[in-house]
Amino acid sequence: MSDSQGPMWEVFVQKKAGQPFVHCGNLHAFDKEMALQNARDLYTRRMEGVALWVVKSEHIVASSPEDQGSFFEPANDKIFRHPTFYQVPDIIKHM
């Protein structure tokens with residue numbers, strides 16, 4: 001049986017300019033233009049966003065929860081990446 005709906009696309013919406021894009025769901029579409037139009041129709045009907053991203057689901061790569069230790073531990077030995085490593089001058093009031 002062949003898939004007559006097209007590939008799955010993940011949809012990300014930006015609520016306001018300057019804010020991050022947030023995953024809001026997925027849909028089927030045959031190409032990127034159709035995916036954008038369907039995403040607009042499904043996820044921004046009531047003016048919920050100002051921009052959309054659509055990404056084929058097959059192109060998303062994620063880490064596994066089982067790899068948490070070995071994948072994220074190397075950052076623990078780099079204290080310069082933590083904000084507490086730096087001294088903020090007293091002249092800077094709002095940081």
- Task: Identify the two heavy atoms, one from Glu48 and one from Lys15, that lie closest to each other, and give their separation to 0.1 Å.
- Result: O-CD, 3.3 Å
- residues 7-27 vs ring pair (Phe, Tyr, Trp, His ring centres under 6.0 Å), sequence neighbours excluded, gives Phe12-His23, Phe21-Trp53
- Distance col, row Asp41:CG vs Gln37:CD, nearest 0.5 angstrom, shows 7.5 Å
- Which atom pair, heavy atoms only, marks the closest approach of Leu27 to Tyr43? CD2-CE1, 4.2 Å
- Note on the structure: Looking only at heavy atoms, the pair that brings Ala29 and Pro7 closest together is O-CD, 2.9 Å
- Query: Hey, what do you get for NZ (Lys32) to NZ (Lys56), rounding to the nearest 0.5 Å?
  - Reply: 10.0 Å
- Item | Qualifying residues under side chain to side chain donor-acceptor pair (under 3.5 Å), relative to Glu58, sequence neighbours excluded | none
- Query: Which heavy atom in Val11 sits nearest to a heavy atom in Ala39, and how many Å separate them?
  - Reply: CG1-CB, 3.7 Å
- Message: So, using side-chain contact (heavy atoms from CB on, under 4.5 Å) as the criterion, who are the partners of Val50 when residues are at least two apart?
- Response: Gln14
- Message: For a 4.5 angstrom cut-off between non-hydrogen side-chain atoms, does Val54 reach Leu36?
- Response: yes
- Item | ILVMFWY cluster, Leu42 and Leu52 together (side-chain gap under 4.5 Å) | yes
- Query: Looking at His28 and Gly6, what are the two nearest heavy atoms and their distance?
  - Reply: ND1-O, 2.9 Å
